[in-house]
Amino acid sequence: MSSSPQPCGVLLFFLVVLCASFNSSATGIEANQSAWLSVDAAQASARKIPETMFGISFEEINHAGAGGLWAELVSNRGFEAGGESIPSNIYPWSILGDESLLIVSTDRSSCFERNKVALRMEVLCDNEGPIICPAEGVGIYNPGYWGMNIEQQKTYRVLMYVRSSESVNITVSFTGSNGARTLATSNIVSSDVSNWTMIEVLLEAAGSDPNSRLQLMTTRKGVIWFDQVSAMPLDTFKGHGFRQDLFQMLADLRPRFIRFPGGSYVEGEWLRNSFQWKVTVGPWEERPGHFNDVWQYWTDDGLGLFEFLQLAEDLGSLPIWVFNTGISLNDQIDTTRILPFVQEILDGIEFARGDPNSTWGYVRAAMGHPEPFNLRHVAIGNQDCGKTNYHGNYLKFYSAIKNAYPDINVISNCDASSTPLDHPADFYDFHVYGDANYVFASARNFDRTARLGPKAFVSEYAVTGKDAGNGNLLAALAQAGLLVGLERNSDAVEMASNAPLFVNVNDRRFNPDAIVFDSSKVYGTPSYWMQTFFKESNGAMLLNSTLGAKTSASLAASAILWKSSDDGRQYLRIKVVNFGSSTVNLKITIDNLDSNLIQAIGSTQTVLKSSSLMDENSFKEPHKVIPVQSPLKAAGKSMAVLLYPHTFTSFDLLTLLTMSQAI
Ligand code: AHR
């Protein structure tokens with residue numbers, strides 16, 4: 001097999017002469033080079049790629065969830081972001097009217113035990129008497145996450161908790177960013193809200209504005225308390241709360257797993273700010289939210305453990321829950337005191353897949369999902385292997401989980417690619433970050449890994465720094481080379497995912513990312529599009545292939561046999577990355593496949609390229625660097641193809657193989 005160390009295969013797999021020929025910023029075309037690729041289509045030497053080979057890694061970073069995939073429009077909906085103490089900072093809420101007209105403050109009078117802060121609005125003006133309110137009223141507004149995207153004819157559900165000793169008359173509206181243009185409005189008149197009362201309003205927008213805000217206004221004197229104010233579009237994926245366009249970007253990758261909720265987000269700068277699942281489940285209005293201190297923003301935790309599991313299910317992906325091991329970036333729990341943390345995770349697994357009659361399975365069922373979620377993988381920590389207490393804590397988590405749930409696959413943070421682990425694990429986590437040359441060369445990282453121990457989960461990889469820009473072609477090509485290498489080594493690597501997945505352009509905390517968005521727009525970086533070349537690899541057959549070159553060439557190649565779910569036919573896909581600055585004449589030969597079984601009509605080639613290696617997509621040019629497909633008229637057992645510099649090409653040969661002949 002291609003992935004085990006064979007004299008020729010290894011020598012010829014990547015003839016990468018990085019120091020001699022590759023300059024990451026070079027765009028000049030050197031003299032043509034020649035290379036050859038032989039593909040063995042014989043089933044006997046093929047190997048099945050894991051069904052879960054390529055997936056996604058979701059982290060609450062760059063406002064990926066809060067202000068991103070989670071469609072909640074209000075930011076700081078419970079007024080908790082300023083902390084538990086009062087007076088509290090209510091940012092980004094703002095006040096409409098000066099202090100002669102109203103006084104806005106916070107107190108701890110909420111009816112929700114875990115999030116006591118509420119907003120108190122004392123209105124001094126009235127619609128009659130000495131201080132007359134402005135015609136539009138006074139009140140508060142929330143601009144959401146850099147503006148709310150309100151779209152004409154769409155309906156939004158606004159929910160809020162209100163209390164007042166008098167009757168209230170509140171105008172709830174979506175307006176443009178300066179309040180001048182009203183897009184949707186409704187009046188709440190309620191005579192008895194002396195106890196906290198939930199009020200629901202459906203607003204249908206008469207106009208569109210991606211930079212809208214939610215206003216709560218009144219012209220009536222009195223004191224009104226507000227808490228837990230939410231505004232969601234009705235139009236979310238299956239009504240599950242996921243922003244449609246961002247969900248679609250994920251679905252289009254057909255990810256077979258989703259790792260969540262991070263990343264360093266899992267650890268926190270400090271344990272007190274780490275992701276603690278129990279406060280992220282149950283009714284939304286009872287969730288306190290928490291400060292994501294690693295990436296420096298507040299999250300209301302609308303996207304909690306339940307929603308992550310639901311997201312996985314909606315995507316048809318296996319959920320991979322990364323949990324905190326009692327270790328943050330700055331503090332650690334000693335192993336002698338770790339058991340309560342272990343119990344927390346056992347409870348979390350029960351929440352995900354326990355019987356509805358169990359304590360935590362009951363909570364899940366009450367949230368609308370009596371059937372267990374398909375949680376079969378958990379990762380013990382993120383990048384924690386070197387931390388003092390990791391090994392001790394890991395073993396406690398491992399044995400408790402295996403004891404209670406023997407079928408759960410446990411993922412260690414420690415690298416076993418070159419030396420065996422000193423502790424039991426089903427998989428080990430492996431991250432690849434670096435410049436373009438490093439990432440491209442990392443394709444070979446697993447060539448010599450022993451095939452006996454646990455397999456790798458390459459859960460985060462990316463080209464970073466100058467080479468990556470905000471996500472350019474160079475980064476995508478280097479990552480394509482890496483994935484080709486991982487695919488070839490898929491007997492040592494079980495799963496792989498790029499990170500980070502999302503960035504809201506208004507809060508770029510980590511660069512680059514696969515999917516870029518603002519309140520209303522979205523595009524994929526070249527790296528996103530590169531990943532689409534691998535979505536058919538899950539569960540496909542990896543064919544033995546050997547690549548060679550006469551002179552230096554920065555090439556990487558793999559070959560798979562895959563079945564299209566669209567037309568039910570079998571395709572032989574050859575993927576080749578030309579990472580160098582020379583055009584390459586590539587001679588492809590396919591052995592052990594009758595030439596009559598290859599059909600030129602229906603065969604295609606798809607290329608990811610651009611005029612400059614540093615080209616990026618943008619809101620203005622979202623499709624500047626995307627794959628372009630064309631017919632492959634020369635499809636056959638022997639093909640001479642031209643690989644232009646800095647390109648990633650997929651040759652898809654339509655075959656007449658039947659199921660029994662192929663996969
Ligand atoms: O992917 C971004 C960050 O990089 C993750 O949070 C962390 O695991 C890694 O260091």
Side-chain angles (χ1 to χ4, degrees), residues 1-7 9-14 16 18 47-57 256-257 259 263-264 266 320 322 325 327 377-387 390-391 394-395 398 409-464 478-499 531 534 537-538 542 556-558 577 579:
M1 281 307 305
S2 54
S3 51
S4 50
Q6 292 173 357
V10 169
L11 279 175
L12 298 176
F13 169 30
F14 294 134
V16 184
L18 294 168
R47 164 166 52 74
K48 192 168 159 58
I49 297 172
E51 293 284 355
T52 55
M53 183 70 196
F54 295 108
I56 54 179
S57 183
R256 290 296 175 85
F257 67 81
R259 172 185 185 251
S264 307
V266 168
I320 301 184
V322 187
T325 56
I327 297 176
H377 294 73
V378 295
I380 304 188
N382 174 67
Q383 293 184 340
D384 288 332
C385 184
K387 309 266 174 64
Y390 185 72
H391 279 76
Y394 175 93
L395 290 173
Y398 180 89
N409 291 294
V410 173
I411 303 163
S412 164
N413 281 179
C414 300
D415 178 9
S417 61
S418 44
T419 45
L421 291 180
D422 62 0
H423 53 265
D426 297 297
F427 300 103
Y428 65 94
D429 203 4
F430 192 93
H431 295 179
V432 182
Y433 288 108
D435 64 22
N437 286 346
Y438 173 81
V439 170
F440 186 76
S442 297
R444 306 183 65 177
N445 192 76
F446 298 94
D447 284 3
R448 279 167 295 280
T449 297
R451 267 51 185 171
L452 302 170
K455 292 175 74 177
F457 174 20
V458 181
S459 69
E460 298 184 12
Y461 67 82
V463 172
T464 50
Q479 294 171 181
L482 172 70
L483 292 197
V484 162
L486 299 186
E487 185 167 280
R488 293 175 67 96
N489 279 302
S490 54
D491 53 346
V493 180
E494 181 78 5
M495 299 175 282
S497 47
N498 174 223
Q531 291 174 60
F534 291 84
S537 293
N538 295 307
L542 178 75
S558 65
V577 187
F579 195 53

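The basis for the numbers below is simple: all heavy atoms, side chains too, and nothing from hydrogens, waters or symmetry mates.
Proximity of Phe54 to Arg256: side-chain heavy atoms (C-beta onward) are nowhere separated by under 4.5 Å. Looking at heavy atoms from C-beta onward, Val378 lies in side-chain contact with Val410 at the 4.5 angstrom threshold. The shortest distance between side-chain heavy atoms of Val458 and Ser497 does not fall below 4.5 Å. The shortest side-chain heavy-atom distance between Val577 and Phe440 falls under the 4.5 Å cut-off. Annotation: side chain of Ile320 is in contact with side chain of Ile411 (closest heavy-atom distance under 4.5 Å).
A search for side chain to side chain contact (heavy atoms under 4.5 Å, CB included) contacts involving Ser442 returns Val432, Tyr438, Leu482, not counting sequence neighbours. In this view, Val322 and Arg259, Val266, Ala379, Asn382 satisfy the side chain to side chain contact (heavy atoms under 4.5 Å, CB included) rule, not counting sequence neighbours.
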>> Run Leu542 and Glu487 through side-chain contact (heavy atoms from CB on, under 4.5 Å) and show every step you take.
In response: CA-CA 8 Å; Leu542 178 75; Glu487 185 167 280; 4.1 Å; yes

>> Please determine whether side-chain contact (heavy atoms from CB on, under 4.5 Å) holds for the pair Phe534 and Val484, giving the CA-CA distance in whole Å, both sets of side-chain angles, and the decisive distance to 0.1 Å.
In response: CA-CA 9 Å; Phe534 291 84; Val484 162; 4.0 Å; yes

>> Would Ser459 and Met495 count as a side-chain contact (heavy atoms from CB on, under 4.5 Å) here? Give the steps.
In response: CA-CA 7 Å; Ser459 69; Met495 299 175 282; over 6 Å; no

>> Using the rule given for ring-ring contact (aromatic ring centres under 6.0 Å, His included), can you reason through His377 versus Phe257, listing the C-alpha separation, both sets of side-chain angles and the distance that settles it, and then say yes or no?
In response: CA-CA 10 Å; His377 294 73; Phe257 67 81; 8.3 Å; no

> Would Leu483 and Tyr461 satisfy side-chain contact (heavy atoms from CB on, under 4.5 Å), going step by step from the backbone distance to the final call?
Replying inline: CA-CA 10 Å; Leu483 292 197; Tyr461 67 82; 3.3 Å; yes

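Taken from CD1 in Ile380 to OG1 in Thr325, the straight-line distance is 8.5 Å, to the nearest 0.5 Å. One finds the OG atom of Ser412 at 8.0 Å from the CG atom of Asp429 (value rounded to the nearest 0.5 Å). Taken from CZ in Arg444 to CZ in Arg448, the straight-line distance is 6.0 Å, to the nearest 0.5 Å. Atom CE of Met53 and atom CD of Glu494 lie 8.0 Å apart (nearest 0.5 Å). Taking SG of Cys385 as the start and NE2 of His391 as the end, the distance is 4.5 Å to the nearest 0.5 Å. For the atom pair NE2 of His431 and OG of Ser57, the computed distance is 7.0 Å after rounding to the nearest 0.5 Å.
Within the structure, the salt bridge (Lys or Arg N to Asp or Glu O under 4.0 Å) test picks out the following pairs touching residues 409-428 (sequence neighbours left out): Lys402-Asp426.
With 3.5 Å as the limit, one finds a donor-acceptor pair spanning the side chains of Tyr433 and Glu460. Donor-acceptor pairing under 3.5 Å is recorded for the side chains of Gln531 and Asn498.
Shortest non-hydrogen contact noted between Tyr394 and Ala425 is OH-CB, 3.2 Å. When every heavy atom of Gly434 is checked against every heavy atom of Val439, the shortest pair comes out as O-CG2, 3.7 Å. Ala416 and Thr449 make their closest contact through O-CG2, 4.2 Å (heavy atoms, listed as atom of the first residue, atom of the second, distance). Contact detail for Gly481 and Ala556: the closest heavy-atom pair is CA-CB, 4.2 Å. Tyr390 approaches Cys414 most closely through the heavy-atom pair CE2-SG, 3.8 Å. Among all heavy-atom pairs drawn from Arg488 and Ala557, the shortest one is NH1-O, 2.8 Å.
Taking the six-membered ring for Trp and the full ring otherwise, the centers of Phe457 and Phe427 sit at least 6.0 Å from each other. For an aromatic pair to be called close, the ring centres must be under 6.0 Å apart, and Phe430 with Phe446 satisfies this.
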